[in-house]
Amino acid sequence: MSFRRDFISKPIFAFARGAMPAMSDTEREALEAGDVWWDADLFTGNPDWSKLLAVAPATLTEEENAFLNGPVDELCTMLDEWKINWEWRDLPPEVWSFIKRHKFFGMIIPKEFGGLGFSPYAHSEVVRKLSSRSLTAAVTVMVPNSLGPGELLMRFGTKEQQDRWLPRLAEGADIPCFGLTSPEAGSDAASMVDTGIICKGNFEGKEVIGLRLNWHKRYITLGPVATLLGLAFKAYDPDHLVGQQEELGITVALIPTHLPGVEIGRRHLPAMQMFQNGPNWGRDVFIPMDYIIGGQERFGQGWKMLMTALAAGRGISLPSLSAAGAAYAARTTGAYARIREQFGISIGKFEGIEEPLARIAGTAYLLDAARRLTCAALNQGHHPAVISGIMKLHATERMRIVIDDAMDIHGGKAVIDGPQNYMGSLYRAVPVGITVEGANILTRNLIVFGQGAIRAHPFLLDEMNALGEADRPKGLEAFDKAFWSHVGHSFKTMFRAWGRSWTFGLFAPAPDAAEATRFYRQLSRYSAGFALCADMALLTLGGALKRKEMLSARFGDILSELYLLSAALKRWQDEGRQKEDFAALEWCMASGFKTIENRFAETLANLPNRFVAVILKFLIQPFGARVLGPSDRIVHQCAQLVLEPSAARDRLTSGLSAVDDDGGIARLEKAFRLVAAADDVAKQMRAARLHDWREAVKKGVITQAQGEKLQAAHEAVAKVIEVDDFAPEALSPIYSKGADVHQFFQELGEQRAAS
């Protein structure tokens with residue numbers, strides 16, 4: 001007999017068991033998908049920095065490097081985003097053929113099945129490079145290697161299914177897509193109305209037991225051209241042909257699109273991006289049982305399977321595209337701000353430009369750091385569901401901010417569309433990345449902290465499992481152990497958070513990291529405060545916390561910042577503590593610390609239990625939110641990283657396509673190099689108060705060669721500043737070729753006057 005268990009834990013167990021809200025099957029399956037990693041350390045309130053720094057950085061094999069420098073570069077030379085979007089409305093046939101021939105669709109498929117067998121980091125690097133050349137091509141390549149039949153077959157397929165389908169997917173004989181989203185059910189999979197009824201039917205001349213499917217899906221990338229559709233639906237067995245249960249739950253199956261009843265081929269137009277995307281339908285489509293991914297034993301496991309696959313895919317594809325977008329914006333916007341002059345000086349010298357430019361550069365550093373760290377975890381075999389959610393949410397949201405900043409700095413250059421506009425397509429594509437693979441609003445308000453609090457907390461999942469245990473004595477025993485461990489942990493966290501907050505992290509644990517040591521101390525401080533506040537919110541609100549979405553979102557923001565800033569510190573360490581990059585790291589830390597402190601203040605101001613809120617404020621934020629963000633000095637130094645040619649600029653924007661043609665990017669890079677090379681000459685001209693280089697040569701201020709160098713820079717800048725224009729008939733069929741537009745409108749006016 002245990003006095004603690006029987007007289008203290010037992011009534012608490014009974015109360016908590018009655019108060020715990022019911023958990024839906026989809027919620028439970030989402031919680032069980034994937035695993036935890038560094039997020040679990042952050043939830044302890046006392047992260048082990050040696051563990052993080054010991055993680056091997058993500059690297060490429062020789063074969064993967066050769067692929068990036070060979071087929072990927074060659075593919076980039078074949079891509080013209082303007083023609084893809086505005087003339088061809090698709091990738092040209094030779095590009096589709098090249099993608100299939102070089103197994104871009106089979107990057108994640110093991111070599112034993114004819115795929116490339118690449119690591120998650122190689123997949124990420126391919127998407128990064130392609131994204132900087134063509135979003136259409138990047139999306140086309142990344143979708144089959146993310147959430148799709150290939151990933152599901154590798155994880156859950158039977159040996160027969162893998163042998164049959166994976167080689168065809170690897171070589172491009174089949175083009176895959178995955179149908180998940182229904183008109184009636186977006187993020188709410190439980191509302192899915194697509195059905196599969198188990199019945200007897202005729203398939204290839206034989207009567208077999210199978211499923212008769214009816215569905216309507218939309219927003220399906222590669223759907224219009226797919227030959228193999230992965231499909232999510234709810235399975236039913238009304239005649240009990242496979243068991244006693246009638247409702248079997250969400251299930252996934254493979255549907256060859258040539259089967260009778262499949263309707264496929266129409267296209268959506270997602271924000272004027274021309275990657276293949278569209279709706280599809282199935283009307284009384286019959287498939288045999290062996291088309292269920294994983295076979296009959298996988299009936300009803302579809303949602304868990306999808307969430308497990310998504311735990312990896314969400315951490316690669318869209319974060320890679322977003323990080324590439326931020327780096328692309330940093331490289332192009334820094335170059336443009338350097339060469340563009342207003343009031344006789346480079347606009348990059350204006351503090352009003354430096355602020356958004358620093359935000360672009362700092363965000364590019366942060367997102368790529370987080371991308372690399374997440375890929376390192378995936379390379380090690382982890383499938384961190386919470387971190388994948390953080391990555392998708394924050395990478396796409398911060399890309400939106402960065403691209404808006406880039407558009408503001410470019411002004412009309414990025415607004416006027418045409419072949420020379422290198423920003424317009426990316427600007428239009430931003431909402432697509434934010435919308436797909438789960439709405440960001442849902443992810444921020446419900447998933448990051450809601451899922452993280454249960455999965456990553458040291459004891460909460462054990463307590464919940466104990467409360468849900470059908471065997472009450474066994475459940476009480478497990479609860480007693482987990483609950484009191486939780487209580488002890490909470491007291492340690494309280495004193496830890498109190499001490500670190502009141503000393504401003506002065507004695508918080510940190511590795512010896514030179515100038516960055518102070519940043520580790522602050523993250524240790526904030527982690528303790530986060531763990532304490534999360535525990536108190538869970539204690540006072542219980543299951544009601546999941547309905548307090550704004551509170552959950554603020555906790556999620558803190559957890560996200562802790563992860564992203566950890567990644568930035570890890571990058572700085574892995575890259576050899578590059579002194580020139582420290583300004584970017586400082587910007588990341590100051591911006592992240594400001595967000596963390598503000599979210600703490602907002603949480604404490606809105607926590608329903610005011611007594612607990614006052615205590616927490618006394619313990620962790622007695623003086624309020626004190627970090628104001630990056631100082632003017634940090635902003636200036638961070639902006640300088642992208643305003644001059646340097647190794648730091650190249651590190652910040654590494655891995656992007658460097659195709660050399662006469663497009664807008666090539667013109668910009670040429671002008672940037674020439675302006676930087678002629679800077680000393682320009683300074684001599686300004687010192688002499690001369691504007692005409694020929695006059696300066698005559699007066700002996702500069703040499704003829706220097707003057708010609710300056711002239712070449714001016715001519716290159718003029719080509720960059722140019723924007724495209726079109727003949728009226730090129731934009732509208734209203735005008736016939738060679739027609740007098742002014743006469744057209746005059747006649748139109750006369751017709752209106754006469755009527």
Check your understanding: What do the steps show when you test Leu321 against Val139 for side-chain contact (heavy atoms from CB on, under 4.5 Å), and what is the final call?
Key -> CA-CA 9 Å; Leu321 188 152; Val139 172; 4.2 Å; yes
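- The closest side-chain heavy-atom distance from Trp49 to Ser566 is below 4.5 Å.
- Under the 3.5 Å distance criterion, the side-chain polar atoms of Asp35 are left unmatched by any main-chain donor or acceptor of His382.
- Atom-to-atom distance recorded for Ser50:OG and Leu52:CG is 9.0 Å, nearest 0.5 angstrom.
- Minimum heavy-atom separation, Arg371 to Ser124: NH1-OG, 2.7 Å.
- The distance from the CG atom of Asp408 to the CG atom of Leu357 is 12.0 Å, given to the nearest 0.5 Å.
- Residues Ile401 and Thr363 are not in side-chain contact: their nearest non-hydrogen atoms beyond the backbone lie 4.5 Å or more apart.
- Contact record, Ala370 with Thr374: O-OG1, 2.8 Å, taken as the closest heavy-atom pair.
- For Asp650, the salt bridge (charged side-chain N to carboxylate O under 4.0 Å, His left out) partners are Arg331, not counting sequence neighbours.
- The CG atom of Asn445 sits 10.5 Å away from atom CG of Leu551, with the distance rounded to the nearest 0.5 Å.
- A pairwise comparison of heavy atoms in Gly348 and Leu643 identifies O-CD1, 3.6 Å as the closest pair.
- Residues Arg577 and Asp512 share a closest heavy-atom pair of NH2-O, 2.9 Å.
- To the nearest 0.5 Å, atom CD of residue Glu64 and atom CG of residue Asn69 are 12.0 Å apart.
- The shortest non-hydrogen separation linking Phe555 to Ala534 is CE2-N, 3.8 Å.
- Between Ile316 and Asn145 there is no side-chain heavy-atom pair separated by less than 4.5 Å.
- Judged purely by atom type and a 3.5 angstrom limit, Thr493 has no side-chain atom pairing as donor or acceptor with the backbone of Leu532.
- Residue pairs meeting the salt bridge (charged side-chain N to carboxylate O under 4.0 Å, His left out) criterion with at least one member in residues 548-562, sequence neighbours excluded: Arg398-Glu561, Arg444-Asp557, Arg554-Glu602, Asp557-Arg599.
- Under the salt bridge (charged side-chain N to carboxylate O under 4.0 Å, His left out) criterion, the residue pairs touching residues 351-360 are Arg359-Asp405, with sequence neighbours excluded.
- Ring pair His489/His486 is tilted by interplanar angle, where 30° to 60° counts as tilted.
- Annotation: ring-ring contact (aromatic ring centres under 6.0 Å, His included) contacts of Tyr563 (sequence neighbours excluded): none.
- Ser322 contributes atom OG, which lies 15.0 Å from atom OH of Tyr328 (distance to the nearest 0.5 angstrom).
- Put simply, the side chain of Glu580 never gets that close to the backbone of Ala647: no donor and acceptor are under 3.5 Å apart.
- The closest donor-acceptor contact from the side chain of Arg521 to the backbone of Ala508 lies under 3.5 Å.
- Between the side chain of Trp572 and the main chain of Gln578, a donor-acceptor pair closer than 3.5 Å is present.
- Separating the CD atom in Glu597 from the CG atom in Leu628 is a distance of 9.0 Å, to the nearest 0.5 Å.
- Among residues two or more places apart in sequence or in another chain, the salt bridge (charged side-chain N to carboxylate O under 4.0 Å, His left out) test is passed with Arg400 by Glu397.
- Using a 4.5 Å heavy-atom threshold, the side chains of Asn46 and Pro509 count as touching.
- The closest side-chain heavy-atom distance from Trp37 to Val55 is below 4.5 Å.
- Between Phe530 and Phe600, a ring centre-to-centre spacing not shorter than 6.0 Å is recorded.
- When only modelled atom types and interatomic distance are considered, Gln522 and Arg518 share no side-chain donor-acceptor pair under 3.5 Å.
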Exercise for review: Show your working on side-chain contact (heavy atoms from CB on, under 4.5 Å) between Leu607 and Val612 and close with a plain yes or no.
Suggested key: CA-CA 8 Å; Leu607 201 64; Val612 170; 4.1 Å; yes
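- Not one N or O on the side chain of Ser591 forms a donor-acceptor pair closer than 3.5 Å with the backbone of Cys588.
- Checked by atom type and distance alone, the side chain of Arg338 never pairs as donor or acceptor with a backbone atom of Ala676 at under 3.5 Å.
- Side chain of Ser346 to main chain of Ala337: a donor-acceptor pair is present (N/O by atom type, distance under 3.5 Å, no hydrogens or angles).
- Within the 4.5 Å cutoff, the side chain of Leu604 has heavy atoms near those of the Cys533 side chain.
- Taking the six-membered ring for Trp and the full ring otherwise, Phe104 and Phe67 have centroids separated by under 6.0 Å.
- Distance alone, capped at 3.5 Å, places no donor-acceptor pair between the Lys392 side chain and the Gly315 backbone.
- Residues satisfying the ring-ring contact (aromatic ring centres under 6.0 Å, His included) test with Phe672, not counting sequence neighbours, are none.
- For the pair Asp535/His457, a side-chain contact is recorded, criterion being any heavy-atom separation below 4.5 Å from C-beta on.
- By the 30° and 60° cut-offs, the orientation of the rings of Phe623 relative to Phe504 is parallel.
- Minimum heavy-atom separation, Val635 to Ala358: O-CB, 3.4 Å.
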Point to revise | Test log, rule side-chain contact (heavy atoms from CB on, under 4.5 Å), inputs Leu559 and Ile390 | key: CA-CA 9 Å; Leu559 178 61; Ile390 289 172; 4.3 Å; yes
Point to revise | Arg571 vs Asp574, salt bridge (Lys or Arg N to Asp or Glu O under 4.0 Å): CA-CA, chis, key distance, verdict | key: CA-CA 5 Å; Arg571 175 179 181 174; Asp574 288 345; over 6 Å; no
Point to revise | Glu515 vs Lys579, side-chain contact (heavy atoms from CB on, under 4.5 Å): CA-CA, chis, key distance, verdict | key: CA-CA 10 Å; Glu515 306 101 309; Lys579 191 174 183 65; 4.0 Å; yes
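- In this structure, the side chain of Arg133 does not engage the main chain of Ala138 through any donor-acceptor pair within 3.5 Å.
- When side chains are defined from C-beta on, Asp73 counts as touching Lys129, because their heavy atoms get closer than 4.5 Å.
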